[in-house]
Amino acid sequence: MDSETRIKKTWFGVNAKVNVRGDFLHISGVGPLMIPHPGIANLLLRTGLPGKVRRHLVFAHEFAHFQTVPVIFLYMCVFAIRSYLTGRTGFGDVVFILISVHAAWEILSECLVAGTDFKAYREFYRGKLLIPQLLFWTVGTMLVAAGGFFLVR
């Protein structure tokens with residue numbers, strides 16, 4: 001697929017910009033701050049979907065990240081405060097927290113995509129190979145749960 005850019009206003013008033021290049025590279029941001037990143041979650045979640053549906057869901061997922069920024073920011077603050085209070089601020093702790101928070105953000109964003117029109121979402125995946133999607137949900141949930149255990153231990 002070719003490169004395509006879309007701009008969408010978030011519920012809190014920020015104009016988010018997403019550029020999708022092919023099936024793997026995404027560039028997302030606000031204003032001049034644009035961050036290139038591989039679309040690993042989208043690659044797993046969209047395996048086996050037709051091109052138009054895949055592109056629609058990739059953009060929906062990327063914009064869902066922007067819509068959920070305030071929630072994930074608060075979630076990350078809880079981790080940061082708890083880590084500081086318990087003295088777990090080493091490099092490994094910080095990396096683990098970032099991985100767990102990122103997994104939560106991916107899951108939250110995909111839940112927003114699915115929840116926007118669950119009937120259509122379910123229909124998109126009817127009859128498709130679900131192993132990559134199962135891998136996304138299982139690994140993501142395990143990383144989020146591990147982060148939860150980190151918070152309470």
Side-chain angles (χ1 to χ4, degrees), residues 4-49 53-118 121-122 124-125 130-153:
E4 181 180 350
T5 300
R6 296 182 189 175
I7 298 172
K8 184 176 181 180
K9 187 175 287 259
T10 65
W11 63 270
F12 49 92
V14 172
N15 285 323
K17 184 176 176 181
V18 174
N19 176 272
V20 175
R21 296 180 180 184
D23 287 334
F24 193 64
L25 182 63
H26 305 108
I27 302 172
S28 303
V30 175
L33 179 62
M34 299 296 291
I35 301 171
H37 60 282
I40 297 169
N42 276 305
L43 188 66
L44 287 171
L45 288 166
R46 314 304 170 215
T47 297
L49 296 178
V53 169
R54 184 172 57 245
R55 181 61 64 107
H56 166 73
L57 291 173
V58 165
F59 274 107
H61 179 90
E62 291 303 310
F63 282 119
H65 279 301
F66 288 102
Q67 301 290 9
T68 58
V69 161
V71 174
I72 210 67
F73 179 74
L74 289 173
Y75 184 70
M76 189 169 64
C77 285
V78 169
F79 269 91
I81 292 166
R82 176 72 176 159
S83 295
Y84 177 76
L85 293 175
T86 58
R88 287 181 270 148
T89 56
F91 180 75
D93 295 325
V94 171
V95 169
F96 179 74
I97 289 168
L98 290 174
I99 290 170
S100 182
V101 168
H102 187 78
W105 198 14
E106 291 294 343
I107 288 174
L108 182 61
S109 297
E110 192 60 19
C111 285
L112 183 59
V113 171
T116 300
D117 186 354
F118 187 72
Y121 187 86
R122 191 179 60 207
F124 290 146
Y125 287 100
L130 296 178
I131 292 171
Q133 292 86 1
L134 186 62
L135 181 65
F136 167 83
W137 290 105
T138 302
V139 171
T141 301
M142 289 171 57
L143 289 170
V144 172
F149 287 124
F150 178 84
L151 273 177
V152 298
R153 71 172 176 113

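These numbers come from the heavy atoms of this one structure, side chains and all, not from hydrogens, waters or symmetry mates. Counting begins at 1 with the first residue of the sequence.
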*Asks:* According to the interplanar angle, ranging from 0 to 90°, do the rings of Phe150 and Phe96 count as parallel (below 30°), tilted (30 to 60°) or perpendicular (above 60°)?
*Replies:* tilted

*Asks:* With the side chain counted from C-beta on, respond yes when Ile72 and Met76 share a heavy-atom pair under 4.5 Å apart, and no when they do not.
*Replies:* no

*Asks:* Around atom CE of Met142, are there more than 12 heavy atoms of other residues, nucleotides or ligands at under 6.0 Å?
*Replies:* no

*Asks:* With a 4.5 Å cut-off on side-chain heavy atoms, are Thr10 and Phe63 touching?
*Replies:* no

*Asks:* With side chains defined as the heavy atoms from C-beta onward, is the minimum distance between Val95 and Ile99 less than 4.5 Å?
*Replies:* yes

*Asks:* Classify the angle between the aromatic ring planes of Tyr121 and Phe118 as parallel (below 30°), tilted (30 to 60°) or perpendicular (above 60°).
*Replies:* parallel

*Asks:* Considering only heavy atoms from C-beta outward, does the side chain of Ser28 approach that of Val18 to under 4.5 Å?
*Replies:* yes

*Asks:* Drop me the distance from His102's NE2 to Leu143's CG, to the nearest 0.5 angstrom.
*Replies:* 10.0 Å

*Asks:* May I ask you to test the Phe136-Ile40 pair for a side-chain heavy-atom distance under 4.5 Å?
*Replies:* no

*Asks:* Verify the neighbour count for atom CZ of Phe73: are there more than 12 heavy atoms of other residues, nucleotides or ligands below 6.0 Å?
*Replies:* no

*Asks:* Are Arg46 and His61 close enough that some pair of their side-chain heavy atoms sits under 4.5 Å apart?
*Replies:* yes

*Asks:* In terms of ring plane angle, is the pair Phe79 and Tyr75 parallel, tilted or perpendicular, where the classes change at 30° and 60°?
*Replies:* perpendicular

*Asks:* Can you tell me how far the CG atom of Leu44 sits from the CH2 atom of Trp137, to the nearest 0.5 Å?
*Replies:* 12.0 Å

*Asks:* Could you walk me through whether His37 and Glu62 pass the side chain to side chain contact (heavy atoms under 4.5 Å, CB included) check?
*Replies:* CA-CA 11 Å; His37 60 282; Glu62 291 303 310; 3.1 Å; yes

*Asks:* Taking C-beta and beyond as the side chain, do Leu57 and Asn42 meet within less than 4.5 Å on heavy atoms?
*Replies:* no

*Asks:* With side chain to side chain donor-acceptor pair (under 3.5 Å) as the criterion, how do Ser109 and His65 come out once you've worked through the C-alpha distance, each side chain's angles and the decisive distance to 0.1 Å?
*Replies:* CA-CA 5 Å; Ser109 297; His65 279 301; 2.9 Å; yes

*Asks:* Rounded to the nearest 0.5 Å, what's the gap from OG1 on Thr68 to CG on Leu108? Could you check?
*Replies:* 4.5 Å

